[in-house]
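Everything numeric in this text was worked out from a predicted model, so none of it was measured.
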Amino acid sequence: MRTLLFGTWVVFYVSVLLAARRMWSGKYARSPLARAALMVTNTEITGHEIQEWYRCCPDMLGETVRPLFVQSQLDTDTQAFLQRSVEKSGWLFTQLYHSLFSTIFSPIVSRTSINGFLGRGSMFVFSRDQFQRLLQIDPGWKGEKLLDLGAGDGGVTDVMGSHFREVYATEVSPPMKWQLQRKNYSLLEIDEWQSTGFQYDLISCLNLLDRCDEPLKLLQDIKEALVPGSGRLILAVVLPFQPYVETGGKWLRPKEQLQVKGKTWEEQVTNLSDDVFQKIGFEVEAVTRLPYLCEGDMNQDYYVLDDAVFILRPQE
């Protein structure tokens with residue numbers, strides 16, 4: 001009898017999930033990140049929509065940032081990530097297990113940690129070629145130290161890490177830390193990296209500014225930890241800018257408010273460049289528009305947000 005009841009419950013659960021996939025739309029998303037996302041499936045997306053991921057109207061950028069814009073486009077690494085995401089989304093029993101695990105533990109465990117336990121939810125910010133173009137380096141270039149703040153599972157760290165002799169990373173989520181340790185990256189605590197005395201050739205802060213309590217202090221700490229003269233910051237920001245902090249599965253407003261003005265992608269990029277970064281003491285060397293991609297689930301093959309990716313140098 002118990003087996004029959006369990007089987008009936010599993011069938012009902014699967015039916016609900018499949019129905020949810022068919023009816024899914026943005027208004028049902030639970031987190032601010034998901035609500036902000038442009039959710040697409042492989043069968044629905046068109047060439048025009050892909051072009052929108054990279055589209056910028058240079059005339060709408062401010063005079064100082066306009067000549068610094070770098071036009072990006074869909075490349076083979078991005079296509080490969082999308083294809084893998086589509087394939088994983090179709091693994092029915094794996095997705096059922098993931099969905100059940102998330103349903104049980106999401107009230108008490110952060111979504112990042114759940115993804116770390118399950119080995120899912122990998123992010124894609126830029127390809128190797130896009131990274132090299134933004135930094136204006138060749139494939140064989142080598143630097144000394146890289147620090148990746150909020151490195152997650154290390155997927156994006158891998159793209160950058162091949163160019164550096166020493167790779168350091170910070171991460172809050174214990175399951176994500178385990179994944180970084182398996183890749184032999186040197187882990188620093190989030191309240192430790194500022195006081196080690198290390199200076200870095202490159203610090204990456206990718207889609208973290210809108211998910212931390214003190215974004216302005218973070219930028220100041222980064223500036224002080226860069227190698228004088230040659231150190232650079234690669235910064236990715238989701239636009240429109242909607243800051244939230246995830247704590248124990250809940251989404252809260254950050255303690256320190258970072259105001260980003262403007263309605264369009266171009267207006268917000270200009271405000272960040274001319275106002276926010278200038279006040280901290282950074283100058284923009286390059287900026288591009290890229291899709292911030294995340295592996296999907298039973299509801300979607302993958303999720304997409306609009307990123308502005310900056311290369312910043314401290315003002316002299």
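Residues that satisfy the salt bridge (charged side-chain N to carboxylate O under 4.0 Å, His left out) test with Glu266, not counting sequence neighbours, are absent from this structure.
A donor-acceptor pair shorter than 3.5 Å cannot be found between the side chains of Ser127 and Thr78. Side-chain contact check for Gln242 and Tyr244: no donor-acceptor pair (N or O, by modelled atom type) lies under 3.5 Å. For Thr270 and Arg66, the side-chain atoms include no donor-acceptor pair closer than 3.5 Å.
For CD of Gln136, the number of neighbouring non-hydrogen atoms (other residues, nucleotides, ligands) closer than 6.0 Å is 12 at most. Within a 6.0 Å radius of NZ in Lys263, no more than 12 heavy atoms belonging to other residues, nucleotides or ligands are found. More than 12 non-hydrogen atoms from other residues, nucleotides or ligands lie less than 6.0 angstrom from CD of Glu192. Shown here is Glu63, whose CD atom has no more than 12 heavy atoms of other residues, nucleotides or ligands within 6.0 Å.
Looking only at distances, no side-chain donor or acceptor of Ser204 sits under 3.5 Å from a matching main-chain atom of Leu206. With Gln194 contributing its side chain and Ala225 its backbone, the two residues share no donor-acceptor pair below 3.5 Å.
Ionic pairing of Asp129 and Arg133 is not present here: no N-O contact between side-chain nitrogen and carboxylate oxygen is shorter than 4.0 angstrom. Salt bridge present: Asp306 and Arg289 bring a charged side-chain N and a carboxylate O closer than 4.0 Å.
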Derivation and outcome, side chain to side chain contact (heavy atoms under 4.5 Å, CB included), residues Asp307 and Phe126: CA-CA 10 Å; Asp307 249 354; Phe126 41 69; over 6 Å; no
